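For clarity, every value in this text was computed on a predicted model and none was experimentally measured.
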Amino acid sequence: MSANRDDGQSGQGAKPAKGKIAARRQARVLAMQALYQWHVAGQPLNEIEAQFRADNDFSTVDGAYFHEILHGVPRQKTEIDEAFAPLLDRPLAEVDPVELAILRLSTYELRSRPDVPYRVVINEGIELAKVFGATDGHKFVNGVLDKLAPRLRAAEARGGRR
């Protein structure tokens, strides 16, 4: 996995990079759960964020990344949904809410975070689906993101297939 580039600090040694990668992973886990809550319960984002920060130990979480995803996905929801909806094998309304939160988070990263390699985005989405999704949810997420990444990151995807 080329996740070592995920830290955005390529000049650092392995220990800080691993810490940064782990902090980003934790941010994604919490952001996915918060986005799920936003979608299902319709609570205001600021309330959800305050609740998550109060209920979770953020000492090992990239709190800024959590905040960016939590607020960035709803801000770009229409564009995000339009990016992956044509790749779905079912209507958007029929996508499992957990898988929908993962697809939105991953699509946000593909669109807005070019510093995160597309393979890392796909891998993180698959891992979230394995832990939180339905039995074969990770296969669904993988299929959608595999088709989406070359559309949103054409140059990077071409370069990675040499």
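Between R104 and M32 the shortest side-chain heavy-atom distance does not fall below 4.5 Å. Contact of the F140 side chain with the V144 side chain is registered, since non-hydrogen atoms from C-beta on lie closer than 4.5 Å. Between Q43 and W38, the closest side-chain pair of non-hydrogen atoms is not below 4.5 Å.
Here the straight-line distance linking atom CG of L45 with atom CD of Q37 works out to 10.5 Å at 0.5 Å rounding. A distance of 10.0 Å separates CD1 in I80 from OG in S106, rounded to the nearest 0.5 Å. Summarising the geometry, atom CG belonging to L145 is positioned 9.0 Å from atom CZ belonging to F84; distances are rounded to the nearest 0.5 Å. Rounded to the nearest 0.5 Å, atoms CD (E68) and CZ (R113) are 4.5 Å apart. Residue N56 holds its CG atom at 9.0 Å from CD of Q51, rounded to the nearest 0.5 Å. Between atom CZ of residue R119 and atom CG of residue D146 there is a gap of 9.0 Å, rounded to the nearest 0.5 Å.
Smallest separation of non-hydrogen atoms from A83 and L148: O-CD1, 3.4 Å. Residue L152 comes nearest to L110 through the heavy atom pair CD1-CB, 3.8 Å, listed as atom of the first residue, atom of the second, then distance. What you find for F132 and V98 is that their closest heavy atoms are O-CG1, 3.5 Å. When all heavy atoms of N46 and H71 are compared, the closest pair comes out as OD1-CE1, 3.3 Å. Here the closest heavy-atom approach between residue A157 and residue P150 is recorded as CB-CA, 3.9 Å. Heavy atoms only, all atoms of each residue included: I102 and G125 are closest at CG2-O, 3.5 Å.
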- Message: Apply side chain to side chain contact (heavy atoms under 4.5 Å, CB included) to residues R53 and H67 and explain how you reach the verdict.
- Response: CA-CA 10 Å; R53 288 184 182 272; H67 177 87; 4.0 Å; yes
- Query: Taking it one step at a time, do L35 and I69 satisfy side chain to side chain contact (heavy atoms under 4.5 Å, CB included)?
  - Reply: CA-CA 9 Å; L35 289 168; I69 293 168; 4.0 Å; yes
- Task: Give the C-alpha distance, both sets of side-chain angles, the deciding distance and a yes or no for side chain to side chain contact (heavy atoms under 4.5 Å, CB included) between L92 and L100.
- Result: CA-CA 8 Å; L92 186 67; L100 181 60; 3.7 Å; yes
- Using the side chain to side chain donor-acceptor pair (under 3.5 Å) rule, take H138 and E127 through it: C-alpha gap first, then chi angles, then the decisive distance, then the call. CA-CA 7 Å; H138 67 284; E127 292 304 314; over 6 Å; no
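Of the charged side-chain nitrogens involved, at least one lies within less than 4.0 Å of a carboxylate oxygen, so that R25 and E124 count as a salt-bridged pair.
When each of F66, F52, Y65 is paired with F58, the ring pair (Phe, Tyr, Trp, His ring centres under 6.0 Å) condition holds for F66 and for no other.
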